[in-house]
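Working notes, structure below.
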Number of protein chains: 2
Amino acid sequence: MREFEHPEPSEITLDGVLAALADPLRRSIIRQLADGPAEQRCSRFALPVAPSTRTHHFRVLREAGLISQRYQGTAILSSLRSDDLNARAPGVLDTILAAERREHPASA
Amino acid sequence: MREFEHPEPSEITLDGVLAALADPLRRSIIRQLADGPAEQRCSRFALPVAPSTRTHHFRVLREAGLISQRYQGTAILSSLRSDDLNARAPGVLDTILAAERREHPASA
DNA sequence: TTCGTATTACGATGAATGTCGTATTTCGAT
DNA sequence: ATCGAAATACGACATTCATCGTAATACGAA
C-alpha cells in the first residue's frame, strides 16, 4: 500500500530523461502511454522481458520523472508526466515520440 | 586514416542519437558545436578527460550520425550534421540543446 | 482465511560503457 | 631528416546496466 517516490518537477534533469529514453524498451512504454489511455496498468504492456525486468524499466522511467505511478488494488497505474516534462524540457518528449513513430510506424 | 566512416542519413537511428546524447560530456561537445563555429578542431574542446577518452566520445558522436569529421593537416575538424538530423528526427536536436542551455546556462 | 494475481525486492550474471595509459600514425615545421 | 603536435588504436579496468530467477508483498475474490 505504499507510495511511490516521484521527483519534483524541478528535480527532473535532462540527463535523467535522456538516459531513460536511450533504451528502446523504455521508449516503447512511453510511446504506448502517449498513444493510449492516460493511465495504464503495467500488465497491459506486452514486453518481451521478465516481470522483474519490466519493473526495473518502469522504475527508471519513474525516477527520471517521465511517468507517475499510483496503486489501484494490486495493479499499478502509470501515466505520462507530459506537463512536467514540457515545463522542464519543452518539446523534447514530443519530438522524440514523433521520431519514434516515424521510425517504427507499426509497432505501438 | 585519411577518411572517416560516416553513416548515411538513412542510417541514422533515433536509438543511436539518443544513446549518444545520453552522455553529458558528449552533449557538451554537441552544444559547443551548435553555439560556436561550424567546424571546430577536437583540441578546441576543453574536456576533463584524457585524449583517448575524447577520441572515444567523438567517435560515438560520429557513428551515431551527429557530427561529421574531416582531416585538416594533423587536426580534425568536426561539425554538426544538423540537416541530416532534422531530416531524420525533426526538432529532436534543437529541443534537447534548448533544454541543455536552460539547465546549464553558463557552461558553454 | 485461503488463493491467485500483480508487482516488487533482492541477488546474481553477462554485456556494454566510460575511463585511462601507452604506443602509434600523420603531418607541418624546423 | 628530425621533431613535436594532434589525434587514433589498442588493451585493460571498474562501473553501470539490462536481464533473469526466486522469494516476498499487497490486495481482491472465493
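In the text below, chain A, chain B and the rest are named by the order of the sequence lines, each starting its count at 1.
Listed by first and then second residue, the ring-ring contact (aromatic ring centres under 6.0 Å, His included) pairs involving residues 28-47 of chain A are A/Phe45-A/Phe58 (not counting sequence neighbours). For residues 69-79 of chain A, every residue pair satisfying the salt bridge (Lys or Arg N to Asp or Glu O under 4.0 Å) rule, not counting sequence neighbours, is listed here: A/Glu39-A/Arg70. The salt bridge (Lys or Arg N to Asp or Glu O under 4.0 Å) pairs that include a residue from residues 81-95 of chain B are B/Arg81-B/Asp84, where partners are two or more places apart or lie in different chains. The stretch residues 43-56 of chain A participates, sequence neighbours left out, in no salt bridge (Lys or Arg N to Asp or Glu O under 4.0 Å) pair at all. Pairs of residues two or more places apart, or lying in two chains, never qualify as ring-ring contact (aromatic ring centres under 6.0 Å, His included) while including a residue from residues 10-29 of chain B. Residue pairs that meet the salt bridge (Lys or Arg N to Asp or Glu O under 4.0 Å) test with at least one member in residues 14-27 of chain A, sequence neighbours left out, are A/Asp15-B/Arg27, A/Arg27-A/Glu100, A/Arg27-B/Asp15.
When the nucleotides D/dA7, C/dA6, C/dT8 are ranked by their closest atom to the side chain of B/Cys42, D/dA7 comes out on top.
Summarising the geometry, the separation between CZ on A/Phe58 and P on C/dT7 is reported as 8 Å, rounded to the nearest angstrom. With rounding to whole Å, B/Leu47 atom CG is found 11 Å from C/dC20 atom P. Spacing between atom CZ of A/Arg70 and atom P of C/dT8 amounts to 15 Å, rounded to whole angstrom units. For the pair A/Gln40 CD and C/dA6 C1', the computed distance is 16 Å after rounding to whole Å. Rounded to whole Å, atom C1' of C/dT25 lies 16 Å from atom CD of B/Glu3. For the pair B/Arg54 CZ and C/dC20 C1', the interatomic distance rounds to 14 Å; values are reported in whole Å. Counting to the nearest Å, the P atom of C/dT8 and the CG atom of A/Leu77 are 12 Å from each other. Going from atom CG of A/Asp15 over to atom P of D/dC17 covers 10 Å, rounded to whole Å.
Applying the 4.0 Å criterion to OP1 and OP2 of C/dT5, one finds that A/Ser43 has every side-chain N and O outside that range.
Every side-chain contact (heavy atoms from CB on, under 4.5 Å) that A/Pro90 has, sequence neighbours left out, goes to B/Arg102.
Residues A/Ala64 and A/Val17 come closest through the heavy atom pair O-CG2, 4.0 Å.
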- Note on the structure: In B/S/- notation (B base, S sugar-phosphate only, - none; protein heavy atoms under 4.0 Å), nucleotides 12-19 of chain C written 5' to 3' is ------SB
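At the heavy-atom level, B/Arg59 lies under 4.0 Å from the strands shown only through sugar-phosphate atoms. Note on B/Arg41: only backbone sugar-phosphate atoms sit closer than 4.0 angstrom, heavy atoms only; bases stay farther off.
Side-chain contact annotation: A/Gln69 with A/Ser78, donor-acceptor N/O pair under 3.5 Å present.
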Nucleotides 28-30 of chain D: which of its N/O atoms have a protein N/O under 3.5 Å away?
none

